[in-house]
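The chain is numbered in sequence order, starting from 1.
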Amino acid sequence: MTDGDTVGRLIVDIDDCFSHYEGMARLLAKGEPGIVCQIVTSDRSDSCKLQAIPLAWLEEGQTVLLGRENISAKYPDISFPETADVEMEKQGDTLKVSWKSSVGTRGSAFLKRSDGGSPSDLKPIATVKTWDTFKEFALGQSPGKYVFRGQPEAFKLRTAFHRSHRKDLVRYTVKDIPVAHRLLTARTRHIFDLSRPDEQGAFWNLLQHHGYPTPLLDWTYSPFVAAFFAYRRRQGANSPSDMVRIFAFDKDQWESDFNQIQAINFADIHFSFLEALAIENPRAIPQQALSTLANTDDIESYIRFRESEKGKTYLYAIDLPASSRREIMIELSFMGITAGSLFPGLDGACEDLRGRMFHQQ
């Protein structure tokens with residue numbers, strides 16, 4: 001939160017560009033237009049003073065930037081500045097930010113650095129600790145109410161984009177995605193039209209499924225497909241306490257309680273479901289796949305905040321013994337859940353055969 005002439009939420013997404021820092025800041029206040037500016041420092045020192053930074057504006061709840069003339073026409077009773085002077089100082093994991101606009105308005109904030117890489121403090125369901133109790137839990141849920149995600153360890157939910165230590169999604173969208181689109185178009189039969197939101201989502205989903213970092217997370221409607229992904233890359237267990245993690249998320253309730261936003265640039269912090277077009281993505285149907293879109297590094301903390309706000313629980317964790325891998329993978333194969341079925345093509349078929357003929361503990 002900020003202090004000054006405007007009280008609201010200040011979000012600063014900064015990338016370390018080796019020689020300097022670069023990113024975007026947005027100040028969002030209830031009932032008022034949002035303010036957006038670009039931050040580019042001259043070096044990597046812990047403090048900086050930036051003069052006359054141009055400002056852009058957002059209508060409340062919108063993600064399209066407006067210039068001063070356009071926003072002034074919509075709000076004729078408000079004096080909108082053209083620029084602001086900004087001072088920033090890094091103090092450990094806290095960033096102190098203060099500013100003064102060209103019309104004399106002021107503000108300040110202390111921002112705590114997000115830490116999506118810290119250990120998860122989400123407690124697993126105490127009554128679901130074995131494969132048999134997991135099957136009982138899974139089969140007891142209404143189809144489609146929950147979605148599931150399997151991970152080989154109990155680390156936090158975090159997108160591949162944020163695991164890369166990048167934070168500025170505007171830079172990612174404006175610079176990285178066009179390069180990927182230009183180079184990968186030679187390898188796709190379909191030419192994705194990134195000016196259309198549905199095709200942009202499909203392109204990002206394709207990148208996600210082939211290992212390119214995106215702000216998406218993969219989920220599945222099937223708890224057993226999620227179990228396959230939890231155990232798939234697990235290389236055995238070093239102790240009885242080694243666990244894999246399966247998340248269960250109440251999609252129905254989350255979508256009922258919160259708007260699902262299909263944008264990341266300039267949007268308020270959100271975690272939204274995305275069921276993208278499966279263009280050139282034959283894995284989507286066998287994996288019963290869908291995605292979530294996140295513009296925050298620490299997804300679990302954001303979900304906890306929303307849970308405390310609503311007095312509800314949306315996200316659950318189930319930890320199963322890593323040592324059970326062999327028997328669980330065999331049972332999943334009897335269900336028809338194998339690398340060969342989930343990954344159509346030669347790679348999936350070879351992984352399936354390897355699993356059958358070279359048993360992994």
So which pairs with a foot in residues 35-47 pass salt bridge (Lys or Arg N to Asp or Glu O under 4.0 Å), sequence neighbours left out? D16-R44
Within-4.5 Å side-chain heavy-atom neighbours: T63 and N265: no
Please tabulate, for side-chain N and O atoms in residues 135-143, each donor-acceptor pair with protein atoms closer than 3.5 Å (sequence neighbours left out).
{"from": "K135", "atom 1": "NZ", "to": "E331", "atom 2": "OE2", "distance (Å)": "2.7"}
{"from": "Q141", "atom 1": "NE2", "to": "F137", "atom 2": "O", "distance (Å)": "2.9"}

Side chains of S291 and Q208: do they bring a donor and an acceptor to under 3.5 Å? no
Apart from L274 itself, which Ile, Leu, Val, Met, Phe, Trp or Tyr residues share its cluster (side-chain heavy atoms under 4.5 Å, direct or through members)? F161, L169, Y172, I177, L184, F192, L194, F203, W204, L206, L207, Y212, L216, I264, L277, I279, L293
Between R245 and E300, is the salt bridge (Lys or Arg N to Asp or Glu O under 4.0 Å) condition met? List the steps. CA-CA 14 Å; R245 171 156 289 188; E300 287 186 25; 5.1 Å; no
Short side-chain to backbone donor-acceptor contact, N295 and D268, under 3.5 Å: yes
If a pair satisfies ring pair (Phe, Tyr, Trp, His ring centres under 6.0 Å) and one of its residues is in residues 292-337, list it, with sequence neighbours excluded. W254-Y314, F258-Y314
Other cluster members, F155 - Ile/Leu/Val/Met/Phe/Trp/Tyr, side-chain contacts below 4.5 Å: none
Among all residues two or more places apart in sequence or in another chain, which pass the side-chain hydrogen bond (donor to acceptor under 3.5 Å, both in side chains) test with R166? D15, D176
Side-chain touch W99/E87, heavy atoms, less than 4.5 angstrom: no
Run the salt bridge (Lys or Arg N to Asp or Glu O under 4.0 Å) test on R306 and E309 for me, step by step, so that the C-alpha distance in whole Å, both residues' side-chain angles and the decisive distance to 0.1 Å come before the verdict. CA-CA 5 Å; R306 289 301 196 182; E309 182 182 61; 2.7 Å; yes
S101 (side chain) donor-acceptor with T105 (main chain) under 3.5 angstrom: yes
G34 backbone acceptor or donor facing R26 side chain under 3.5 Å: no
Where the side chain of S341 meets the backbone of G336, is there a donor-acceptor pair that is under 3.5 Å apart? yes
I'd like to know if the side chain of R234 and the backbone of M243 have a donor-acceptor N/O pair within less than 3.5 Å. yes
Dump the intermediate steps for side-chain hydrogen bond (donor to acceptor under 3.5 Å, both in side chains) on S118 and K156, then the final yes or no. CA-CA 7 Å; S118 62; K156 275 185 175 181; 3.0 Å; yes
Is there a donor-acceptor pair under 3.5 Å between the side chain of R149 and the backbone N or O of D218? yes
